[in-house]
K.L.:
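Have a look at this one.
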There are 2 protein chains.
Amino acid sequence: MTSVEEPARPRGRIRDAARTRAEILDVATREFARAGYDGARVDEIAARTRTTKRMIYYYFGGKQQLFTAVLERAYGVIRDAEQQLDVDHLDPVAAIRRLAELTFDHHEQHPDFIRLVSIENIHEAEHIAASGKLTAIGSPALDVIRRILAAGQESGLFTADVDAVDLHAMISSFCFFRVANRHTFGALFGRDLTDPARREHYRAMLGDMVIAYLTADRAED
Amino acid sequence: MTSVEEPARPRGRIRDAARTRAEILDVATREFARAGYDGARVDEIAARTRTTKRMIYYYFGGKQQLFTAVLERAYGVIRDAEQQLDVDHLDPVAAIRRLAELTFDHHEQHPDFIRLVSIENIHEAEHIAASGKLTAIGSPALDVIRRILAAGQESGLFTADVDAVDLHAMISSFCFFRVANRHTFGALFGRDLTDPARREHYRAMLGDMVIAYLTADRAED
DNA sequence: TAGCTAACGTACTGGTTCGTACATTAGAGC
DNA sequence: GCTCTAATGTACGAACCAGTACGTTAGCTA
């Protein structure tokens, strides 16, 4: 997530609409991710910026719209990262594993995003629905999966009849759960899923799982 | 002494501590699952019971402890259900598939529980930590997985070196994500993961995935 | 049946929190 | 330099909300 760094502040008010707006978004992202929508405090967000609460209402209109703007930017960051995906030079098996690993890495590196998604699901995606920018935008990762799947299925390496959206859900499930539910899972089973010492283990496990699923002889029963 | 008219009291107030407590827990479960911890309103919970807010504080002490009690009961229900698991008469492959399917069914049938878990993770499992009843209790499902894995590995059907906790995480990931993130996933990809028409499809997909993972020849690379 | 207490109800409070009315000023354009 | 407005700051209000002080009663037990 882009962050707004300020150089040593000269005395006197500096007017910079874009910077003020971006700074509010940065702080709001952290606050909403920390405490959830209802737990987040508009006053707290304001206090952590160099501006005042008044500006939040000036630029965003209200708490709801601020959260929507936070989601829009957070999804935008993911989208941009996915656009950098480059696995087309690999064979289908290696390409899928690489894609899964990059998804894994991305989830691990953006726990705040994971929290925002969890929070938005508690609210039944009402802010996404209200956004207009975010409905049914698809994702670049999905296009990549489609291409790899098509290649793998055509060459006979992959079992036919696997859908790209479903495979994306499968990969995301594992990556998301590991980060999102690490606290309850850790408390209940005494295992920290995000322990750096086990990072490679889970990263490999995800790749093995996806490849095994795609290349298995589906037994008829 | 009393010069004002007594308002007509509802006749036949029945005192039943256990019932009152249970009713508060029921309503609180729904309210917390609906709105999250901070979004939930103690007044709202009280209004939906036949008793008053005073009783919530009388029996539970406060909002925090009430939420903890809600979690304790919710996890208790899961635990009880897992205790009913009976797959020992099946061969390892069938047993694991059956276990995965039962996990799948259970997640689908208890969306409120899924929401509570999401909410508790936003709060970094602080209520579980405060509970005492819930820390490191393990789960009956885990014992079942351990037995099946041992049998499958000994007979050579399953790849060695798969850990029971990890496998539990893998199965839970898929089931949890499908229910917990259905709103954002649906909004972004236009696919309802909990559409009844696709239920069997995802149920089979989970089983296929787990079996493929457990029975794959792990390629050395 | 008197007395005791667990169980319950009413009414309120103090702090919090989203939002806004109103005042002010930096700096672009002329 | 003057003007105009986008950008900003201050102070406050009204609603909300967790929690409580205090009073009442059902129903058990001696």
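Lettering of chains follows the sequences in order, A, B, ..., and the numbering in each one begins at 1.
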K.L.:
Closest approach to the side chain of Thr20(B), judged atom by atom: which nucleotide of dC8(C), dT8(D), dC18(C) is it?
P.N.:
dC8(C)

K.L.:
Any donor-acceptor pair under 3.5 Å joining the side chain of Arg15(B) to the base of dA6(C)?
P.N.:
yes

K.L.:
In whole angstrom, what separates Leu66(A)'s CG from dC18(C)'s C1'?
P.N.:
12 Å

K.L.:
Hey, can you tell me if Tyr37(B) and Phe32(B) have their rings parallel, tilted or perpendicular (30° and 60° cut-offs)?
P.N.:
parallel

K.L.:
Need one value for Tyr58(B): base, sugar-phosphate or nothing, where a base atom within 4.0 Å counts as base even if backbone is also close, heavy atoms only.
P.N.:
base

K.L.:
Send over the distance from Arg19(A) CZ to dT8(D) C1', rounded to a whole Å.
P.N.:
12 Å

K.L.:
Check this for me: does the side-chain of Lys63(A) come within 3.5 Å of the base of dG19(C) through a donor and an acceptor?
P.N.:
no

K.L.:
Do you know which two heavy atoms are closest between Ile45(B) and Val27(B), and how far apart they sit?
P.N.:
O-CG1, 3.5 Å

K.L.:
Under a 4.0 Å N-O cut-off, is there an ion pair linking Arg34(A) with Asp112(A)?
P.N.:
no

K.L.:
Is Thr51(B) near enough to dA7(C) that one of its side-chain N or O atoms lies under 4.0 angstrom from OP1 or OP2?
P.N.:
no

K.L.:
Does Arg54(A) make a side-chain donor-acceptor contact with the base of dG9(D), cut-off 3.5 Å?
P.N.:
yes

K.L.:
Between dA7(D), dA7(C), dC18(C), which one does the side chain of Met55(A) approach most closely?
P.N.:
dA7(D)

K.L.:
At 4.0 Å (heavy atoms only), tell me whether Phe60(B) reaches a base, stays on the sugar-phosphate, or touches nothing.
P.N.:
nothing

K.L.:
Any base atoms under 4.0 Å from Ala46(A), or only sugar-phosphate, or nothing? Heavy atoms, all strands.
P.N.:
nothing

K.L.:
If the cut-off is 4.0 Å, is Tyr59(B) near the phosphate of dC8(C), judged by side-chain N/O to OP1 or OP2?
P.N.:
yes

K.L.:
Near Arg48(B) CZ, under 6.0 Å, is it more than 12 heavy atoms from other residues, nucleotides or ligands?
P.N.:
no

